[in-house]
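Notes follow the structure.
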Amino acid sequence: GAVVSQHPSRVICKSGTSVKIECRSLDFQATTMFWYRQFPKKSLMLMATSNEGSKATYEQGVEKDKFLINHASLTLSTLTVTSAHPEDSSFYICSAPRHGRSGELFFGEGSRLTVL
Amino acid sequence: AQSVTQLDSQVPVFEEAPVELRCNYSSSVSVYLFWYVQYPNQGLQLLLKYLSGSTLVKGINGFEAEFNKSQTSFHLRKPSVHISDTAEYFCAVSESGNQFYFGTGTSLTVIP
């Protein structure tokens, strides 16, 4: 069964609103979680590394104020897309390494964001 | 930083034919190697991984991959594909288990 869960799987919002996506590790503690963005027919683009108890580390070119990441607990990280625009429409995926499993990454189911 | 190259962006293959998806990486240091599969509108699922030991790794759904250190390659193979294997396949490399680098993906289409 899934060990990393994302919610919601699909969300449609109006331009200018904010949307929050949750990523939960279900049966292990994740001090680190990764957030990716995937464009159609494209690979995964790492947006940021979420660290429990400290600030997220953003990749170059990713707007920190637009994509707010909060790692509130050892099992939950959230990505908030603020003041969403149609160009933010994408597939967002989170993942977490499960230590003790030789660094294997477990992925959430992904969240499809559509901004109208 | 690592770079991961998947030379084939799209691979069409007839049902029951064999397939090989290629993956090369840049680092010469010890790495962990992974293949993930992604079905439409879903997250990624682990197919198989190489950590150490035998260079031939067997995964789920009849897939296997061979680690070749001298060629820094980790090609994925399946002797006979099914329609259900149609998906996007990603090769990934990790040096420490905390930083992962992904290839650009290979879209496998199985033709009836």
Side-chain angles (χ1 to χ4, degrees), chain A residues 1-11 21-26 28 30-52 57 59-60 89-114, chain B residues 1-11 21 23 25 27 29-54 57 59-60 65 67 86-109:
Chain A
V3 295
V4 174
S5 179
Q6 257 181 270
H7 178 80
S9 57
R10 292 178 181 272
V11 57
I21 301 170
E22 295 186 345
C23 180
R24 294 181 184 273
S25 56
L26 299 181
F28 68 101
T31 56
T32 300
M33 289 185 176
F34 302 105
W35 285 96
Y36 297 87
R37 181 173 179 176
Q38 187 177 34
F39 296 94
K41 304 296 183 182
K42 296 290 185 184
S43 183
L44 301 167
M45 182 192 80
L46 179 64
M47 299 174 65
T49 302
S50 173
N51 304 299
E52 190 273 335
T57 304
E59 297 298 305
Q60 192 173 8
S89 298
S90 194
F91 194 57
Y92 294 88
I93 308 176
C94 72
S95 70
R98 184 172 180 175
H99 298 292
R101 291 287 291 267
S102 300
E104 179 181 337
L105 264 187
F106 291 89
F107 286 83
E109 304 92 333
S111 300
R112 171 75 61 191
L113 170 64
T114 302
Chain B
Q2 280 278 357
S3 69
V4 181
T5 303
Q6 290 182 245
L7 291 170
D8 308 302
S9 60
Q10 296 185 25
V11 174
L21 306 183
C23 174
Y25 61 96
S27 175
V29 301
S30 295
V31 294
Y32 301 146
L33 299 160
F34 306 84
W35 274 99
Y36 286 88
V37 61
Q38 183 183 31
Y39 299 103
N41 294 310
Q42 294 186 26
L44 277 67
Q45 302 172 29
L46 182 69
L47 269 180
L48 48 80
K49 60 183 176 183
Y50 170 80
L51 307 176
S52 64
S54 173
V57 179
I60 62 171
F67 169 55
T86 295
E88 192 81 17
Y89 291 80
F90 292 96
C91 179
V93 174
S94 174
E95 293 177 358
S96 63
N98 286 321
Q99 190 82 354
F100 288 77
Y101 302 88
F102 285 86
T104 49
T106 297
S107 179
L108 174 64
T109 301

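In what follows, chains carry the letters A, B, and so on, assigned in the order in which the sequence lines appear, proteins first and then strands, with residues in each chain numbered from 1.
Contacts of B/Gln38 with chain A are made by side-chain atoms alone, with heavy-atom separations under 4.5 Å and no backbone atom involved. In this structure, chain A has heavy atoms under 4.5 Å from both the backbone and the side chain of B/Leu44. The contact between B/Thr104 and chain A is made by backbone and side chain atoms together, counting heavy-atom distances below 4.5 Å. Interface remark: A/Gln6 contributes no atoms to any contact with chain B (heavy atom separation under 4.5 Å).
Between the side chain of B/Tyr36 and the backbone N or O of A/Leu105, at least one donor-acceptor pair lies under 3.5 Å.
In this structure, CZ on A/Phe107 lies 13.5 Å from CD on B/Gln42, to the nearest 0.5 angstrom.
Partners of A/Tyr92 by ring pair (Phe, Tyr, Trp, His ring centres under 6.0 Å), not counting sequence neighbours: none found. Not counting sequence neighbours, the partners of B/Tyr50 by the ring pair (Phe, Tyr, Trp, His ring centres under 6.0 Å) test are B/Phe67.
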Determine whether A/Arg10 and B/Asn41 satisfy the following criterion, side chain to side chain contact (heavy atoms under 4.5 Å, CB included), listing intermediate values before the conclusion. CA-CA 10 Å; A/Arg10 292 178 181 272; B/Asn41 294 310; 3.7 Å; yes
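Just one residue in the list B/Phe102, B/Phe90, B/Phe100 forms a ring pair (Phe, Tyr, Trp, His ring centres under 6.0 Å) with A/Tyr36, and that residue is B/Phe102.
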